[in-house]
Asks: 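Once you've had a glance at the structure underneath, I'll fire off some questions.
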Amino acid sequence: AGWWGFDPATGVFEASERAMILHGIAPGTTMDVESARRAVHPDDLDLVDERLGKLLRAGVPFRSEHRVLWPSGEVRWLLSHADWREEGGTKRVIGFCVDVTDRYAARLEVWENRSRLRAILDGATEFAILATDRAGIITEWSRGAENLTGWTAGEGVGRSFDLLFE
């Protein structure tokens, strides 16, 4: 994780070496609000600007999961939080960011696997395909199961697998 902060009144911006690396900015480079904004993926910039604006105008804590685009072209996902903090009579925005790219990759893999499973279940109309959890409760119900049993997925999912043998 890395920290960052700025004084909106003066525009003075500070960031830890780790925050700079997470944004794809070489440590030691002068970083300001605009360089941080330039690091945000163009498709996510409006969202980041909107949430930061809410913090600055209304004091709504900043929370964002957004992409950053490194100079190499690599895209990384960051989770960032920030809020107002008063230090020595000066009110500043202080935040932190952490790389959550691996979590997004895992989510994407799960989504792709679920999509493939759904395509298989939807295409299986001549035979029943069911899935259960460890307790034997039905979690997936194919169209073939609907055709063979006469029960909809809504009627089968959530019930005990033993239901089929009563």
Side-chain angles (χ1 to χ4, degrees), residues 1-123 131-135 137-142 152-154 156-158:
W3 64 266
W4 56 273
F6 72 98
D7 180 344
T10 64
V12 172
F13 189 94
E14 297 176 284
S16 68
E17 184 174 299
R18 183 70 182 142
M20 294 178 77
I21 291 169
L22 291 175
H23 283 83
I25 298 170
T29 304
T30 301
M31 189 172 176
D32 58 18
V33 173
E34 282 310 307
S35 61
R37 287 183 77 251
R38 281 192 301 274
V40 174
H41 191 285
D43 293 342
D44 296 346
L45 187 56
D46 286 345
L47 172 73
V48 170
D49 282 346
E50 174 191 332
R51 291 182 179 172
L52 190 55
K54 285 181 180 179
L55 170 63
L56 297 175
R57 288 187 307 278
V60 176
F62 175 84
R63 182 182 189 284
S64 178
E65 289 190 34
H66 57 274
R67 293 166 290 178
V68 291
L69 184 59
W70 286 4
S72 66
E74 184 177 358
V75 175
R76 306 292 297 178
W77 280 92
L78 298 184
L79 168 64
S80 190
H81 287 260
D83 209 343
W84 287 102
R85 184 173 186 169
E86 192 163 342
E87 296 176 345
T90 302
K91 203 170 180 185
R92 299 171 24 109
V93 172
I94 302 291
F96 75 90
C97 54
V98 64
D99 189 324
V100 292
T101 303
D102 292 342
R103 184 172 74 184
Y104 269 86
R107 281 185 189 172
L108 179 59
E109 185 176 347
V110 167
W111 180 83
E112 288 171 347
N113 288 338
R114 293 233 12 115
S115 295
R116 278 193 291 278
L117 175 61
R118 179 55 39 210
I120 290 167
L121 291 176
D122 288 347
T132 66
D133 63 15
R134 289 187 172 129
I137 303 300
I138 297 169
T139 58
E140 298 290 343
W141 187 271
S142 71
T152 66
V157 171

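Positions are given from 1, in the same order as the sequence printed here.
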Asks: What distance do Leu69 atom CG and Arg76 atom CZ have between them, rounded to the nearest 0.5 Å?
Replies: 12.5 Å
Asks: What pairs meet the side chain to side chain donor-acceptor pair (under 3.5 Å) rule with one or both residues in residues 105-116, with sequence neighbours excluded?
Replies: Asn113-Arg116, Arg114-Glu140
Asks: Could I get the full list of side-chain contact (heavy atoms from CB on, under 4.5 Å) partners for Arg67, not counting sequence neighbours?
Replies: His41, Asp43, Asp44, Val75, Trp77
Asks: Is the number of heavy atoms from other residues, nucleotides or ligands within 6.0 Å of CD (Glu17) greater than 12?
Replies: no
Asks: Could you tell me which non-hydrogen atom of Pro8 sits nearest to which non-hydrogen atom of Trp84, and how far apart they are?
Replies: CG-CH2, 3.6 Å
Asks: Could you report the tightest heavy-atom contact between Pro61 and Asp83, atom names first, then the distance?
Replies: CG-OD2, 3.6 Å
Asks: Could you tell me the separation between the OG1 atom of Thr101 and the CG atom of Leu108, rounded to the nearest 0.5 Å?
Replies: 12.0 Å
Asks: By side-chain hydrogen bond (donor to acceptor under 3.5 Å, both in side chains), which residues pair with Asp32, not counting sequence neighbours?
Replies: Ser35
Asks: Check Arg51 against Ser64 and note the closest heavy-atom contact, atom names and distance.
Replies: NH1-CA, 3.7 Å
Asks: Can you name the residues that form a side-chain hydrogen bond (donor to acceptor under 3.5 Å, both in side chains) with Thr152, not counting sequence neighbours?
Replies: Glu155
Asks: Using side chain to side chain contact (heavy atoms under 4.5 Å, CB included), reason through Asp99 and Leu78 one step at a time and then give a plain yes or no.
Replies: CA-CA 5 Å; Asp99 189 324; Leu78 298 184; 4.3 Å; yes
Asks: Side-chain donor-acceptor pairs under 3.5 Å in residues 90-98, sequence neighbours left out?
Replies:
| unit_1 | atom_1 | unit_2 | atom_2 | d |
| --- | --- | --- | --- | --- |
| Arg92 | NH1 | Glu14 | OE1 | 3.1 |
| Arg92 | NH2 | Glu14 | OE1 | 3.2 |

Asks: Can you find a pair of side-chain heavy atoms, one from Thr132 and one from Ile137, that are under 4.5 Å apart?
Replies: no
Asks: Indicate yes or no for a side-chain donor-acceptor contact from Ser16 to the backbone of Gly2 under 3.5 Å, with no hydrogens or angles considered.
Replies: no
Asks: Looking only at non-hydrogen atoms, find the nearest pair between Val68 and Leu22 and report the distance.
Replies: CG2-O, 3.5 Å
Asks: Does any non-hydrogen side-chain atom of Val48 lie less than 4.5 Å from one of Arg37?
Replies: no
Asks: Output a table of donor-acceptor pairs, distance under 3.5 Å, between side-chain atoms of residues 23-30 and any protein atom two or more places apart or on a different chain; print 'none' if there are none.
Replies:
| unit_1 | atom_1 | unit_2 | atom_2 | d |
| --- | --- | --- | --- | --- |
| His23 | ND1 | Ala19 | O | 2.8 |
| Thr29 | OG1 | Ala26 | O | 2.7 |

